[in-house]
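For reference, the structure discussed in these notes is given below.
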Amino acid sequence: MGTGKIGARRPVMLSVVVPCYNERDGVAELHRRVSAVCLEHSPSYEIVLVIDGATDGTREAIFELAEKDDHVVAIDLARNYGHQIALSAGLEFCRGQRILILDADLQDPPELLGAMMAKMDEGFDVVYGQRVKRDGESWFKLASASMFYRLLGRIVDVDIAPDSGDFRLMSRRALDHLNAMPERYRFIRGMVSWIGLRQVAFPYERHRRFAGTTHYPLKKMVLLAVDAMTSFSILPLRFASLLGMMFGLLGLVVLGYTLLEWSVGNVLPGWTSLAAIMLILGSVQLLVLGIFGEYLGRMYMETKRRPLYFVNEIVSRDQPAKNSELPVHRLQEMAKRAARG
């Protein structure tokens, strides 16, 4: 999925990949701080800014940067696909030997790049940020995030470090392995953990957003949690199976008791107990069907084999980047052919 083609392009030492959604007020500061740290630590670099269907002027601001700065590549996706898909698009496109994943809100300081590079020089393939402090976030966000990672650690089949986001430095080898994983429901920090290789935590303090408000409301957090759990564990299915068997056995016991009482003529006159049993069994059946349905729906979506995203436009002063034939460019051509009919 791109390894050979990336090697055929002019490589750079470092790629910084940043998904951007409605971050107009912070784009200039993001570019200033990332450019400064890249100039300090890498002789050649690129900044890949992925525009994920932004509607507030972020697209125009990033295009302006790409037209002025040779190091900036702007990838405008065809619509808002979500953070994880936008990040996947940038990771598929980038060509660095080392890749820094960063959020556009600047909560993860790009100035930590030097220390993370030094850590990678010790032989690690992945240096992932682990938050020891998070400024500017509500008690609910902190509590729900803590509960999520603890629950995730108990039910998934791979070791996913607690309190770690997507902020990380990866080697080209690790990224090529990640890009070879085609699933649609992507929980990238978990996928990177699943790869293996040598990985190490990098403790740091997360800052407040530079501008704007979070784009991860409760609904998106819940969906991300469902993606994480269903992508790396079949424990919910086992839970559903065990629950079904347990209540199935209980139903047989109650049936035996009912038949015994009927045989001796001691039929229960009341309807309360009967209604309670029916409600309990009905609720359990619906719960089990819901879990099965969640997995079945995801399997159905995977079988469609649709591309993860389409690209509307790529803006860069770097001609090799514009003219390369990486998957995103092929998808872009497919979109144009489809539009022409």
Side-chain angles (χ1 to χ4, degrees), residues 1-19 30-31 33-50 65-66 69-75 86-104 108-129 164-182 186 188-189 191-202 204 314 316-330:
M1 194 181 196
T3 305
K5 294 182 180 301
I6 288 173
R9 298 175 62 205
R10 182 162 57 88
V12 294
M13 294 301 297
L14 174 67
S15 294
V16 180
V17 179
V18 190
L30 170 73
H31 175 252
R33 289 175 59 180
V34 171
S35 296
V37 77
C38 287
L39 283 170
E40 183 179 355
H41 295 290
S42 181
S44 62
Y45 69 92
E46 65 178 359
I47 304 172
V48 180
L49 302 177
V50 185
L65 289 175
D69 187 346
D70 291 345
H71 299 96
V72 174
V73 180
I75 302 175
L87 177 56
S88 298
L91 293 176
E92 194 174 48
F93 178 85
C94 71
R95 50 186 170 146
Q97 296 306 303
R98 292 184 175 184
I99 302 93
L100 177 69
I101 299 175
L102 191 68
D103 282 344
D108 305 318
E111 289 78 11
L112 297 177
L113 173 64
M116 297 174 81
M117 295 271 271
K119 198 68 180 176
M120 182 166 281
D121 288 339
E122 297 177 13
F124 294 100
D125 283 282
V126 179
V127 181
Y128 59 87
S164 61
D166 292 319
F167 179 48
R168 61 193 59 214
L169 182 66
M170 300 175 64
S171 67
R172 168 52 59 183
R173 178 171 71 151
L175 179 60
D176 285 345
H177 290 328
L178 176 65
N179 284 339
M181 300 166 73
R186 303 176 77 81
I188 290 179
R189 68 202 73 169
M191 295 166 70
V192 174
S193 297
W194 183 87
I195 289 171
L197 302 176
R198 294 193 67 197
Q199 306 195 16
V200 64
F202 182 86
Y204 76 106
I314 296 176
S316 172
R317 293 181 62 182
D318 182 8
Q319 289 302 317
K322 293 178 68 173
N323 300 329
S324 64
E325 294 184 351
L326 282 171
V328 288
H329 297 86
R330 294 200 302 273

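Everything quoted here is computed from the prediction, not taken from an experiment.
Side-chain contact between Leu100 and Met117 is absent, with no heavy-atom pair separated by less than 4.5 Å. By the 4.5 Å heavy-atom criterion applied to side chains, Leu178 and Ile195 are counted as neighbours. Between Ile101 and Asp108 there is no side-chain heavy-atom pair separated by less than 4.5 Å. Side-chain contact check for Cys38 versus Val16: some heavy-atom pair is nearer than 4.5 Å.
To the nearest 0.5 Å, atom CG of residue Leu30 and atom OG of residue Ser35 are 8.5 Å apart. Within the model, atoms OG of Ser164 and CD of Gln199 stand 9.5 Å from one another, a figure rounded to the nearest 0.5 Å. Between the CG atom of Asp69 and the CD1 atom of Ile47 there is a distance of 6.0 Å, given to the nearest 0.5 Å. The line from CG of Leu169 to CG of Leu175 is 11.0 Å long, rounded to the nearest 0.5 Å. Separating the CD1 atom in Ile75 from the CG atom in Leu49 is a distance of 9.0 Å, to the nearest 0.5 Å. Here the NE2 atom belonging to His71 is positioned 13.5 Å from the CG atom belonging to Leu65, to the nearest 0.5 angstrom.
Evaluated for a side chain to side chain contact (heavy atoms under 4.5 Å, CB included) with Leu87, the options Val17, Val18, Leu102 yield exactly one hit, Val17. Just one of Met120, Met170, Arg168, Glu122 meets the side chain to side chain contact (heavy atoms under 4.5 Å, CB included) condition when paired with Val127; it is Met120. Of the candidates Leu39, Val37, Val34, Tyr45 forms a side chain to side chain contact (heavy atoms under 4.5 Å, CB included) with just one, namely Leu39. Checking each of Arg198, Arg173, Lys119, Arg98 against Asp125 for a salt bridge (charged side-chain N to carboxylate O under 4.0 Å, His left out) leaves exactly one that passes, namely Arg173.
No more than 12 heavy-atom neighbours from other residues, nucleotides or ligands sit within 6.0 angstrom of CE on Met13.
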For this session: Just do the side-chain contact (heavy atoms from CB on, under 4.5 Å) check on Leu14 and His41 with the steps written out, would you?
Result: CA-CA 9 Å; Leu14 174 67; His41 295 290; 5.9 Å; no

Exercise. Passes side-chain contact (heavy atoms from CB on, under 4.5 Å), Arg172 versus Cys94? Steps please.
Worked result: CA-CA 10 Å; Arg172 168 52 59 183; Cys94 71; 4.1 Å; yes

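Side chain of Asp103 to backbone of Phe167: no donor-acceptor contact under 3.5 angstrom is found.
A salt bridge links Asp166 with Arg189: the distance from a Lys NZ or Arg NE/NH1/NH2 to an Asp or Glu carboxylate oxygen falls below 4.0 Å.
Here the closest heavy-atom approach between residue Ser316 and residue Val73 is recorded as OG-CG2, 3.7 Å.
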